[in-house]
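Structure, as structure tokens:
In what follows, every chain begins at residue 1, and chains take the letters A, B, ... in the order their sequences are listed.
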Amino acid sequence: MVENREVARIFDEIADILEVLDGDKFKIRAYRRAARTIENLTADLSRFKSKNELKKLPGIGDALAKKIYEIITTGRLKYYEDLRNSLPAGLLELLSIPGVGPKTVAKLFRECGITDIASLERAAKNHELQHLFGMGAKTEEKILKGIALYRRQKERTPLDVAYFQAKRIVESLKNLESAVEISYAGSIRRMKETIGDIDILVASHRPRDVMDAFKTLEGVSEVIASGERKTSVIIGDIQADLRVVDPDSFGSALQYFTGSQLHNIKLRELALRKGLKLNEYGVFRQDEKIAGRREEDVYHSLGLSFIPPELREGQDEIEAAARGELPDLIELSDIRGDLHVHSDWSDGRSSIREIVDKARSLEYEYIAISDHTPAVGITGGLDEKRLIRQMDEIERINGDLDDFRVLSGIEVDIRSDNRLDLPDKILEKLDIVIAAVHTNLTQKKEEMTARILSAIENPNVDIIAHPTGRIIGKRDPYDVDIEALIDAAGSTGTILELNANPRRLDIKDTHARYAKKKGVKVAISTDAHDTSQMEYMHFGVATARRGWLEKDDVLNTRSLDELLRTLKP
DNA sequence: GCCGTTTTCGGCCCGACTGTTTTCAGTCG
């Protein structure tokens, strides 16, 4: 079966090829837009039974529906294969080099016979590019730098790394006298799970001062470009772009700089339809500026309610905002407890009392200690005997607390024979039972789906932890039918975890949105193995927001009593 | 390629920075 991800990749590659071949730019955009739509789908494309069903998807018309249908029925796409065969295999990778675009790739291939990164690097080092029309010594240098940069930073940066780096930059520029307002923007502000580069926006009457401070920040290893209003640097192996605007334009610039690109295109098209013009300096009716200082006003002036950054992916948020039907998104302050924390009884590093202290400092009302079970090899998992001792200890601790409750929980392993790692008679005694897969991750899709379904159907299992098992950038999700799991969770009242660890974020944003549609509740949990990791909660909340979740969709926004009533009896 | 609160045909976001071909194309976001 062809996966959605693969179809999206094919469409992106078609767009790349058409760009190199100097094809119609709107056609190219159509392929990219369709790729994003497919990426954001939770349903497998193979579930679509006709072209007409496919055509209901945004950005999919006759031609693309036909092509998708060809892929899901035959596993191939002739149009794509023909296009791909028209270019040498390594050529498209050149597009990944910063500063090298489709026009350059076409010229390098046509005039120098360059077909891949190795041959480009050789030609640049031998100064064979200088004589080409429109190229000089600086271009050669830029290409070599670009190649080095690409090799160093092939993959996108995990959210947490970029997020904390962005915070540091904002903190150090905040003290500048010349900086009136400052914010990070881009995909970090949208809290996307991986980040391409860091975007910083400053409002100032003295841009030059801000630029200078930015270029000399601690950790800056290279200045890539620097102009009046825009500077790009490499800081700690990631690119950071600074843009400086007048305070009068801060809101519109923040809107523009936050993206996503597709969201911006759709927003600007909407502005045009209303006889307005939107750019980073404001919203304009003819020459009159009608918004710009505050970001809210940009949206309001277009007849929209304010769209939170986490929703700005260019899917259907603009339409929802126009109808006044945006969700009232969950916030970090709605969270009342953390339901998945490991203690030093298994592989955690903190004692239960330390965890309690941390939870109280976060103003939580409850916490669930949920350590591993023995099947998870190296974690020192709890067997029945030790679990009973831990329950006794938790009871003692609760005896010392009056306005806080420690729940006895477990993260019971779902073994590859589909059985849980502890007997039902002990699971019954716990306040909360979390089940998760930890071993034998390469089962076939049907097997893995059945394995997790058996846990969902167990009346003692309250929550399924990290349901797809992915580690961002390191490990793909299990091959599992996530829609089937969510559907089953809906009919059994099982809750799905949204693991807030920034390297997991599992379930992911689009799954959360599907879960909401199916009435499945989500528990946002940190899976902390150390009290400091309990602070990851906001990454989980942000992902929930990206999944359009509201307070009521999330289990651990409830009071202790409500929580206990919601769990399986 | 898609799509419709002017359109089923004729539109399709917008500006900063760089290097080079001295007036603008290419790239990026």
Determine, step by step, whether A/R76 and A/E81 satisfy the salt bridge (charged side-chain N to carboxylate O under 4.0 Å, His left out) criterion, reporting the C-alpha distance in whole Å, the side-chain angles of both residues, the deciding distance to 0.1 Å, and the verdict. CA-CA 8 Å; A/R76 305 173 52 182; A/E81 289 176 5; 2.7 Å; yes
Between A/S226 and A/K215, is a side-chain hydrogen bond (donor to acceptor under 3.5 Å, both in side chains) present by the stated rule, with each step listed? CA-CA 9 Å; A/S226 184; A/K215 284 188 277 191; 3.1 Å; yes
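Under 4.0 angstrom from either OP1 or OP2 of B/dA16 there lies at least one side-chain N or O belonging to A/Y281. The shortest distance between the side-chain N/O atoms of A/K230 and the OP1/OP2 oxygens of B/dA16 is not below 4.0 Å. Proximity of A/T104 to the phosphate of B/dT27: a side-chain N or O atom is located under 4.0 Å from OP1 or OP2. A close approach under 4.0 Å does occur between a side-chain nitrogen or oxygen of A/T139 and OP1 or OP2 of B/dT20. OP1 or OP2 of B/dG1 sits under 4.0 Å from a side-chain N or O of A/Y79. One finds a side-chain N or O of A/N279 lying less than 4.0 angstrom from the OP1 or OP2 phosphate oxygen of B/dG15. Listed pair A/R29 / B/dC13 meets the phosphate criterion, a side-chain N or O lying under 4.0 Å from OP1 or OP2.
In this structure, A/I60 reaches the sugar-phosphate backbone alone: every heavy-atom distance under 4.0 Å involves primed, P, OP1 or OP2 atoms, never a base. The residue A/L278 sits close only to the backbone: its heavy atoms come under 4.0 Å of sugar-phosphate atoms, none of a base. Note on A/A137: only backbone sugar-phosphate atoms sit closer than 4.0 angstrom, heavy atoms only; bases stay farther off. A/F26 comes within contact range of at least one nucleobase, with a heavy-atom separation under 4.0 Å.
Of the candidate nucleotides B/dC12, B/dG19, B/dC2, B/dC12 has the atom lying nearest to any side-chain atom of A/E269. Minimum atom distance to the side chain of A/K277 is reached by B/dC14, of the listed B/dC13, B/dG1, B/dC14. For A/R268, the side-chain atoms get nearest to B/dC13 when compared with the rest of B/dG1, B/dC13, B/dT18.
In this structure, NZ of A/K145 is placed 12 Å from P of B/dT18, rounded to the nearest angstrom. With rounding to whole Å, A/L276 atom CG is found 15 Å from B/dC14 atom C1'. Rounded to a whole Å, the CD1 atom of A/I224 is 12 Å from the P atom of B/dG19. B/dC28 atom C1' lies 17 Å from atom CD1 of A/I198, rounded to whole Å. With rounding to whole Å, A/L132 atom CG is found 15 Å from B/dA25 atom C1'. The distance from atom CG of A/D197 to atom C1' of B/dG29 is 8 Å, rounded to the nearest whole Å. Here B/dG11 presents its P atom at 19 Å from CD1 of A/I265, a figure rounded to the nearest Å. To the nearest angstrom, P of B/dC3 lies 16 Å from CG of A/L270.
In this structure, A/F539 has its ring center closer than 6.0 angstrom to the ring center of A/Y163. The aromatic ring centres of A/Y256 and A/H263 sit 6.0 Å or more apart.
Between the C1' atoms of B/dC2 and B/dT8, the separation comes to 12 Å (whole Å). B/dT27 and B/dC13 have their C1' atoms separated by 16 Å, with the value rounded to a whole Å. Comparing the C1' positions of B/dC12 and B/dT7 gives an interatomic distance of 12 Å, to the nearest angstrom. The P atoms of B/dT20 and B/dG26 are separated by 14 Å, rounded to the nearest whole Å. For B/dC17 and B/dT23, the P atoms lie 22 Å apart once the distance is rounded to whole Å. Using C1' as the reference atom, B/dT22 and B/dG11 are 34 Å apart when rounded to the nearest Å.
In terms of position along DNA chain B, the nucleotide closest to A/K67 lies nearer the 5' end than the nucleotide closest to the other residue of the pair A/K67 and A/E228. Projected onto DNA chain B by closest heavy-atom contact, A/V100 and A/L272 fall at different nucleotides, the more 5' of which corresponds to A/L272.
Between A/D160 and A/R503, at least one side-chain N (NZ, or NE/NH1/NH2) sits under 4.0 Å from a carboxylate O, which counts as a salt bridge.
In this structure, B/dG4 forms a base pair with B/dC9, meeting either the Watson-Crick or the G-U wobble geometry with both donor-acceptor distances under 3.5 Å.
The OG1 atom of A/T258 sits 10.5 Å away from atom CD1 of A/I188, with the distance rounded to the nearest 0.5 Å.
Among all heavy-atom pairs drawn from A/K289 and A/G282, the shortest one is CE-CA, 4.3 Å.
Side chain A/E280 to base B/dG15: no donor-acceptor pair is found below 3.5 Å.
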